[in-house]
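Here the structure comes first, spelled out in structure tokens, and everything after it is commentary.
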Amino acid sequence: MKKIFLAAILALFFSSVHAQSVDSRAVAYSVRYEKEHLFLQKDSDFNVVDYDIEWPEVLGYSYAPELKSCISASLTGTSYLSFDSLRTKIYADYGVPVTGMLKTIPDDRRFCYVTASARIVGYSPNHWIAYSLSLNVAPGKLSSIPATSGERVVVYDIPNGKMFNARDLISDNVVERNEPQDFYDNLFAPLDDDFFNTMQSCEIEGVWIDEGNIDFLVKASTAESTRVYTAAMPLATYAYTFSRQGRKLFTKEGKTISPTVITQPQIIDGDSIYNNVEVNPTFKGGDEALKQYMSYTTKPDVILNGPVKEYTSFVVDKDGKIKDVCILRPIHPILDRHAAMTVKGMPNFIPGRQNGKPVSVRMYMPINYRP
């Protein structure tokens, strides 16, 4: 694994005249990264909720409503077109934050542990994007929350606004076990012999392309346990496993998308987001402090063939807090995620000011990665 070095320059892209204006910069792609650990109480139940959601604000000059609805419905049972609405639903389902000392020790049997994630696993810019959607709800014996568990990969056809599951993208021969034996040898290769020999069922829960491979998300079960894993096979060898729709989506060129003016959200927590203010937000300690912060960040687990640049945006709210962290030009899901987490980990800024009052300001920061 080659060592990767990071560098960042805080680029504000403000005009020379500091006239206050709402940020209306047009973007072709913007994915917002939200991750939170919550301890909530609802009536007599205590719920520990961890969510990790990569929310598609803009894809291919579109707000991607079909994908947003799919993600929110998979994680909450209700379709929403904004992340804030999804987050509100999480609190409605699981309660309010526990902020003070509890009067008594809570009964472990009333605890419920919830993990929800929507993470990008692959994409072809302006063509398609693949999301892994996972929800696991593990309630105690006295919890009122029903148990559930599931993971799948969905693929969104960006120019046509269509959602596809694995069954839409693989051939009937794969489902009916009529493909050559070497395909199934590779599909089950991650399983040990004992598990394979006692396996009672197997389902393909997702299929997508990643760096020249077809990746299959597989759920295999015995009478005692279930395993979910990914099996990767060379695209050039196993493209025959696609359905007609799968071949059209993954092996053909995508439709040309005409640019349209699409912006990121212009309101946060009820306040307007600006791009030109009298006093810009600043990193505490200036550029030298920012360089020092970047030097302490962990390195991404990915091999680079050359230097690349991630473009990020984020809002510094009127309290100086970092919010609404987005990736604007995707490179690789692992690297995109690393860049977003690097920005989210920055300490509070000195907020921007207009007419002597602190305001929320959107900022843009490229992060350079090189081997």
Taking only Lys NZ, Arg NE, NH1 and NH2, and the carboxylate oxygens of Asp or Glu, determine whether Asp324 and Arg362 approach each other closer than 4.0 Å.
yes
* Non-hydrogen side-chain atoms of Tyr123 and Val31 separated by less than 4.5 Å -> no
| said: Looking at Ser30 and Val58, would you say the former's side chain and the latter's main chain have a donor-acceptor pair under 3.5 Å? | reply: no
* Do side-chain atoms of Thr297 reach the backbone of Tyr293 as a donor and acceptor pair under 3.5 angstrom? -> no
Contacts of Leu142 meeting side-chain contact (heavy atoms from CB on, under 4.5 Å) (sequence neighbours excluded), chain-then-number -> Asp107, Arg109, Arg110
Original post:
Judged by atom type as modelled, is there a donor-acceptor pair below 3.5 Å linking the side chain of Asp45 to the main-chain atoms of Ser144?
Top reply: yes
Step by step, would you call Ser134 with Thr115 a side-chain contact (heavy atoms from CB on, under 4.5 Å)?
CA-CA 8 Å; Ser134 175; Thr115 56; 5.5 Å; no
Using a 4.5 Å cut-off on heavy atoms from C-beta on, say whether the side chain of Cys112 contacts that of Val137. yes
For Ile267, the hydrophobic cluster (side chain heavy atoms closer than 4.5 Å, chained through members) also holds none
Is it true that atom CZ of Arg227 has more than 12 heavy atoms of other residues, nucleotides or ligands lying nearer than 6.0 Å? yes
### Query
Is it true that atom CD of Glu203 has more than 12 heavy atoms of other residues, nucleotides or ligands lying nearer than 6.0 Å?
no
By side-chain contact (heavy atoms from CB on, under 4.5 Å), Pro65 pairs with (sequence neighbours left out) Ser62, Leu81
The ring-ring contact (aromatic ring centres under 6.0 Å, His included) partners of Tyr94 (sequence neighbours excluded) come to none
Residue pairs meeting salt bridge (charged side-chain N to carboxylate O under 4.0 Å, His left out), one or both in residues 76-94, sequence neighbours left out, come to Arg32-Asp84, Asp84-Arg87, Lys89-Asp93
Original post:
Run the side chain to side chain donor-acceptor pair (under 3.5 Å) check on Gln264 and Ser313 step by step: do they pass?
Top reply: CA-CA 10 Å; Gln264 299 178 85; Ser313 79; 3.1 Å; yes
Output, in order, the C-alpha distance, side-chain angles, deciding distance and verdict of side chain to side chain donor-acceptor pair (under 3.5 Å) for Asp317 and Ser360. CA-CA 4 Å; Asp317 74 5; Ser360 297; 5.7 Å; no
- Query: Is any side-chain heavy atom of Asp271 less than 4.5 Å from a side-chain heavy atom of Val359?
  - Reply: no
The ring-ring contact (aromatic ring centres under 6.0 Å, His included) partners of Phe196 (sequence neighbours excluded) come to Phe188
Note: with side-chain heavy atoms under 4.5 Å as the link, the other cluster members for Val96 come out as none
Phe216 meets the ring-ring contact (aromatic ring centres under 6.0 Å, His included) criterion, sequence neighbours left out, with Phe183
- Query: If you count the non-hydrogen atoms of other residues, nucleotides and ligands that lie under 6.0 Å from NZ in Lys35, is the total more than 12?
  - Reply: no
Note to self: Quick check on Lys42: does its NZ atom have over 12 non-hydrogen neighbours (other residues, nucleotides or ligands) under 6.0 Å away?
What the structure shows: yes
Donor-acceptor pair, Gln245 side chain versus Leu169 backbone, under 3.5 Å?
no
Discussion item. Using only atom types and a distance under 3.5 Å, with no angle test, would you say the side chain of Ser72 pairs donor to acceptor with the backbone of Ser69?
Written reply: yes
Between Ser149 and Asn136 the two heavy atoms that sit nearest each other are OG-OD1, 3.2 Å
Q: Report the C-alpha separation of Asp168 and Arg244 in whole Å, then their side-chain angles, then the decisive distance to 0.1 Å, and conclude whether the salt bridge (charged side-chain N to carboxylate O under 4.0 Å, His left out) test is met.
A: CA-CA 9 Å; Asp168 303 316; Arg244 181 179 179 182; over 6 Å; no
- Message: Heavy-atom count check: over 12 atoms from other residues, nucleotides or ligands less than 6.0 Å from Glu253 CD?
- Response: no
Is there a side-chain contact between His127 and Ile158 in this structure, where contact means two heavy atoms from C-beta onward sitting under 4.5 Å apart? no
(Q) Within the 4.5 Å heavy-atom criterion, are Ile170 and Ser243 side-chain neighbours or not? (A) no
Quick one: sort the Phe242 and Phe250 rings into parallel, tilted or perpendicular, breaks at 30° and 60°.
tilted
Is there a side-chain contact between Leu290 and Met346, using heavy atoms and a 4.5 Å cut-off?
-> yes
Tracing side-chain contacts under 4.5 Å among Ile, Leu, Val, Met, Phe, Trp and Tyr outward from Val48 reaches Phe39, Phe46, Val98, Leu102, Phe111, Tyr113
Original post:
Under a 4.0 Å N-O cut-off, is there an ion pair linking Glu54 with Arg337?
Top reply: yes
Start with the C-alpha distance between Glu66 and Tyr156, add both sets of side-chain angles, then the distance that settles side chain to side chain donor-acceptor pair (under 3.5 Å), and finish with yes or no.
-> CA-CA 8 Å; Glu66 302 86 359; Tyr156 181 59; 2.7 Å; yes
Taken in chain and number order and not counting sequence neighbours, the residues that satisfy side-chain contact (heavy atoms from CB on, under 4.5 Å) with Asn213 are Asp215, Ala232, Pro234
**Message:** If you define the side chain from C-beta out and look only at heavy atoms, does anything of Leu135 sit under 4.5 Å from Thr148?
**Reply:** yes
Checking side-chain polar atoms at under 3.5 Å, does Thr342 have a donor or acceptor matched by the opposite partner on Glu310? no
Sorted by chain and number, sequence neighbours left out, side-chain contact (heavy atoms from CB on, under 4.5 Å) with Asn126 holds for Ile257
Any side-chain heavy atom of Val315 within less than 4.5 Å of one from Pro265? no
Backbone N or O of Leu304 within a donor-acceptor pair of the Arg370 side chain at under 3.5 Å?
no
Those residues at least two apart in sequence (or on a different chain) that pass ring-ring contact (aromatic ring centres under 6.0 Å, His included) with Tyr184 are none
